[in-house]
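Data first, discussion second: the structure below is written as structure tokens.
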Amino acid sequence: MEDINKKLIEKREEALLGGGQARIDSQHKKGKLTARERITLLLDENSFQEMGMFVEHRSQDFGLDKQKYPGDGVVTGYGTIHGRPIYVFSQDFTVLGGSLSETYAEKICKIMDLAMKSQTPIIGLNDSGGARIQEGVVSLAGYADIFYRNTKASGVIPQLSVIMGPCAGGAVYSPALTDFVFMVEDTSYMFVTGPNVVKTVTHEEVTSEDLGGAKAHAEKSGVNHFTSPNDVTVLKEVRDLMTYLPQNWQSLAPHKKNFKFDSKKLETISSILPENNNMPYDIREVIDQVIDDESFREVHKDFATNIVVGFARIEGRTIGVVANQPISLAGVLDIDSSRKGARFVRFCDAFNIPLLTFEDVPGFLPGTDQEWNGIIAHGAKLLYAFSEATVPRVTVITRKAYGGAFDVMNSKNIGADFNFAWPTAEIAVMGAKGAAEIIFRREIAAAADPVAKLTEKEAEYAEMFANPYRAAERGIIDDVIKPSETRSRVANAFKILENKKEELPMKKHGNIPM
Ligand code: HXC
């Protein structure tokens, strides 16, 4: 018996070493942790249960028969985060560069299937040189098996991807199919084709970091939702985000009963908006004064900054916040902000997270760039996402709500449940000056002093429409509220909507404009 146990202990020790001490040291030298160290930080202490520790690849080609490592380059299993179950895989760069083989893919698919059957979230820690080149097409098929499962799991269980090293070629499509991508500064990158191929094909010279580093994907492509300085901080952020998410599409996010709210904040909320309605202010100040203290987790912080999205809590319950941001491009809607908003709204709707919208939008961004790149289709995504959302939906109009953008931003007529406006709201087809120039064009042209006439007509239009009362008279908004009443009105709205049930018409699936 002792001998048998000894063999098991030896085999375990061998597996724990992955590709060997020298490669572990090299991983550490790059500022990266090993696959197992990462799992230890991600999960609750001693909660990890490994599966497939002794799996080996079956390949005989190119000398692979002599390079076998127990576990074959990916550590898989399950554990808990803040006491809630979670499946995890962690790619081990010390084994053949974390490259994906047929058996490696099978290990990942096995836990993806279990995650689906048990309706439990899955987190992938990515650090891999891509397809195991020696294995050829079976490795590609393995990727396809994972993509297929990512797609089937979409909207059923939360799927998170953490990029902690290379992630290149078709391998990028697994993270891209998941709900949120986290990237580590300096040590992670993602691209479909690397700098060498880029140089050959387009003659552009670009570094890996500039092409596909955390910053590039956070600011330019929007592929990266969260950037973190190192392995330790990113795993902390993942643990934190999980506290806002439910286990699956049929459950609710955890209720944080010991929430805090400093009611002194309500005294200053009225002073956030500048006197001049064309001056900017930071919508995050408004958000902070309405939600539970320190509960805002901004998503996509550096991408399309003219819209702010993120998770927060009101009276301990998770909500998703979508808000126009006046300090960036005056908060207009454009292609990227529409894409960003739409994806976030759809995540929240898929996972029973109520939506709170703060609206201060002067319209859509004009220009050939926007039109030729499809603002019509992209803007329609946000409209579609809000329209099909069946979770509780509340909107607060703080200032401008102009034109088509007013309709898009979770308006009453596209199914929002409660729409409130501050007394400073201006709900109109367009700004008073533009409106006066169009509808009083002849009168202004014929006037002895056209500038004075324009000013007079602008004031006339503003008096009529640059306020919330016209919309309130028609029931297009439900109430005009003082800024200091916002938290209590929003909290009450979500409370009364707690049992909201709304079904979409029967269909195979909708056809969101892509
Ligand atoms: C097999 C690989 C490998 C791979 C790396 N290794 N990538 N083995 N298949 N794809 C091995 C190396 O031979 C080396 O083995 C060890 O991993 C560490 O690699 P290094 O090159 O020493 O590390 P580093 O300098 O950090 O460079 C990392 C790297 C580089 C940038 C990822 O290894 C690289 O460019 N690899 C190839 C990437 C690639 O072209 N992959 C295929 C992409 S196409 P030893 O024994 O020396 O330690 C693809 C298609 C997916 O993935 C399609 C899905 C649809």
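Here, residue 1 is the first one in the sequence, and each next residue gets the next number. Side chains are part of it too, since the values below use all heavy atoms of this structure and drop only hydrogens, waters and symmetry mates. Note that ligands are numbered from 1 as they come in the structure, with each ligand's atoms numbered from 1 the same way.
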| Between Glu102 and Arg132, is there a salt bridge with N-O shorter than 4.0 Å? | no

| request: For the pair Tyr244 and Phe311, name the ring-plane relationship: parallel under 30°, tilted 30 to 60°, perpendicular over 60°. | output: tilted

| query | Can Asp417 and Lys500 be counted as an ion pair, charged N to O under 4.0 angstrom? | reply | yes

| field | Ion pair Lys199/Glu205, N-O distance below 4.0 Å | value | yes

| query | Below 4.0 angstrom, N of the basic side chain to O of the carboxylate: do Lys215 and Glu209 qualify? | reply | no

| field | Listed partners of Asp65 passing side chain to side chain contact (heavy atoms under 4.5 Å, CB included), at least two apart | value | Gln60

Dump all N/O pairs between ligand 1 and the protein below 3.5 Å as a table: atom names plus distance, one pair per row.
{"unit_1": "ligand 1", "atom_1": "9 (N)", "unit_2": "Ile133", "atom_2": "N", "d": "3.1"}
{"unit_1": "ligand 1", "atom_1": "10 (N)", "unit_2": "Gly129", "atom_2": "O", "d": "3.1"}
{"unit_1": "ligand 1", "atom_1": "10 (N)", "unit_2": "Ala131", "atom_2": "O", "d": "2.8"}
{"unit_1": "ligand 1", "atom_1": "17 (O)", "unit_2": "Gly97", "atom_2": "N", "d": "2.9"}
{"unit_1": "ligand 1", "atom_1": "26 (O)", "unit_2": "Lys30", "atom_2": "NZ", "d": "3.2"}
{"unit_1": "ligand 1", "atom_1": "41 (N)", "unit_2": "Gly129", "atom_2": "O", "d": "2.7"}
{"unit_1": "ligand 1", "atom_1": "46 (O)", "unit_2": "Arg23", "atom_2": "NH2", "d": "3.1"}
{"unit_1": "ligand 1", "atom_1": "48 (O)", "unit_2": "Arg23", "atom_2": "NE", "d": "2.9"}
{"unit_1": "ligand 1", "atom_1": "48 (O)", "unit_2": "Arg23", "atom_2": "NH2", "d": "3.2"}
{"unit_1": "ligand 1", "atom_1": "52 (O)", "unit_2": "Ala131", "atom_2": "N", "d": "2.8"}

